[in-house]
*Asks:* 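Dropping a structure here in structure tokens format, bear with me for questions.
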Amino acid sequence: MAEPSVTRTAAAKVNLDLLVTGRRADGYHELDSLTVFAGIADRVTAGPGDGLRLVVEGPYAAQVPASGDNLVVQAAEELAWAARRRPDATLRLVKRLPVAAGLGGGSADAAATLSALDALWGLQFPPERLRDVGLAVGADVPVCLYGRPARMRGLGERLDPVRGLPDLPLLLVNPGVQVATAEVFRALRLPDEPLEREPFPAHPSVLQLAAWLATSRNDLEPPAIELAPAIATALELLRGLPGCHLARMSGSGATCWGLFTTEPALRAAEARLAAMQPAWWRWAGVVPGSL
């Protein structure tokens, strides 16, 4: 009989906006971000093991360590410590998301690891406790554990569900550059006054949402462009595609997204972009909204 194993997906996190609302005395930044999850994902499988072992495969496996530097390993060790047990598991990570890309890939992998090991080890941690464990691994891990449209605030620990979000035809594009989050924050010049969002519209259409998002921004976009000018090129190409109503960088970059009204317009834009930049990573799909 085959040994039991548990598999979880680690979906790409997309920041529709990202406001830096302040800097704390400990040097960490307070954030406010509307976040959704795309249909492209890494995959984590957890099975029995003697000690902790990580195997990494997939198209981006060569870019991530299979050691203690990997957030998957850190998540397993943090959960074992919280459960007062040995971190005995064999973990297999299939890496499909580009690395250091502003898609929360490492955090999503850590979240998937926590969920898989919680089931494998029979811990049955409540979601709030699992998110507390995740926050010790990384600020984006709690929202990746939540895995649904959310407003993320503070360091990432304050999550509010977002109601009435429409399905979003999104084109994700990465121009093939890696941007270190720490370097982006070091280059960040805090705005003189934090941006106050307009109230979220009730059950907006895609066009209404695009208009609302246009009044917001990603505060990490300017410093990221300074470090990686290819981000500006990606945004310019997205904004020039027919049917693109808004384009913005996700997270700390370098992945950018374009928002379209219909799936046919999205697919036509993807084909045009592929012809212009065939080497760039891209994903196109309809991101689920919320009731």
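Computed over heavy atoms, backbone and side chain alike; hydrogens, waters and symmetry mates excluded. Keep in mind the model is a prediction, meaning the values are calculated, not measured.
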*Asks:* Report yes if the side chains of His29 and Leu190 come closer than 4.5 Å at any heavy-atom pair, otherwise no.
*Replies:* yes
*Asks:* What are the two closest heavy atoms between Pro204 and Leu209, and how far apart are they?
*Replies:* CB-N, 3.9 Å
*Asks:* Thinking salt bridges, do Arg153 and Asp32 make one under a 4.0 Å N-O criterion?
*Replies:* no
*Asks:* Can you tell whether the side chains of Asp50 and Arg86 come within less than 4.0 Å, N to carboxylate O?
*Replies:* yes
*Asks:* Step through the shown structure and confirm whether more than 12 heavy atoms of other residues, nucleotides or ligands are within 6.0 Å of CD on Glu128.
*Replies:* yes
*Asks:* So, Asp160 and Arg158, do they make that salt bridge, N to O below 4.0 Å?
*Replies:* no
*Asks:* Please determine whether residues Leu246 and Phe260 belong to a single hydrophobic cluster, defined as Ile, Leu, Val, Met, Phe, Trp and Tyr linked transitively by side-chain heavy-atom distances below 4.5 Å.
*Replies:* no
*Asks:* Looking at Arg24, I want to see if its CZ is surrounded by more than 12 non-hydrogen atoms of other residues, nucleotides or ligands under 6.0 Å.
*Replies:* yes
*Asks:* Return the minimal non-hydrogen interatomic distance between Ala150 and Val162, and the atom names on each side.
*Replies:* C-CG2, 3.5 Å
*Asks:* Are the side chains of Leu114 and Phe125 in touch, meaning some heavy atoms are under 4.5 Å apart?
*Replies:* no
*Asks:* Taking everything shown except Tyr28 itself, do over 12 heavy atoms lie less than 6.0 Å from its OH?
*Replies:* no
*Asks:* Would the number of heavy atoms belonging to other residues, nucleotides or ligands and lying under 6.0 Å from CZ of Arg43 be above 12?
*Replies:* no
*Asks:* Would one find more than 12 heavy atoms of other residues, nucleotides or ligands at under 6.0 Å from atom CZ of Arg272?
*Replies:* no
*Asks:* Over all heavy atoms of both residues, which pair between Leu31 and Val20 is shortest? Give the atoms and the distance, please.
*Replies:* CD2-CG2, 3.8 Å
*Asks:* Please table the atom pairs, donor to acceptor, closer than 3.5 Å between any side-chain atom in residues 164-176 and protein atoms at least two apart or in another chain.
*Replies:*
residue, atom, partner, partner atom, Å
Asp167, OD1, Gly289, N, 2.8
Asn174, OD1, Gly176, N, 2.8
Asn174, ND2, Thr255, OG1, 2.9

*Asks:* Does a side-chain heavy-atom distance below 4.5 Å link Leu123 with Leu79?
*Replies:* yes
*Asks:* Please say yes or no: joined through hydrophobic side-chain contacts below 4.5 Å, possibly via intermediate residues, are Tyr146 and Val287 part of one cluster?
*Replies:* no
*Asks:* With sequence neighbours excluded, tell me which residues meet salt bridge (Lys or Arg N to Asp or Glu O under 4.0 Å) with Glu236.
*Replies:* none
*Asks:* State, yes or no, whether a side-chain contact exists between Leu103 and Ile40 at a heavy-atom distance under 4.5 Å.
*Replies:* no
*Asks:* If you apply the rule side-chain contact (heavy atoms from CB on, under 4.5 Å), what do you find for Leu120 with Leu117, and how did you get there?
*Replies:* CA-CA 5 Å; Leu120 181 73; Leu117 289 177; 4.0 Å; yes
*Asks:* Would you call Arg131-Glu157 a salt bridge at under 4.0 Å N-O?
*Replies:* no
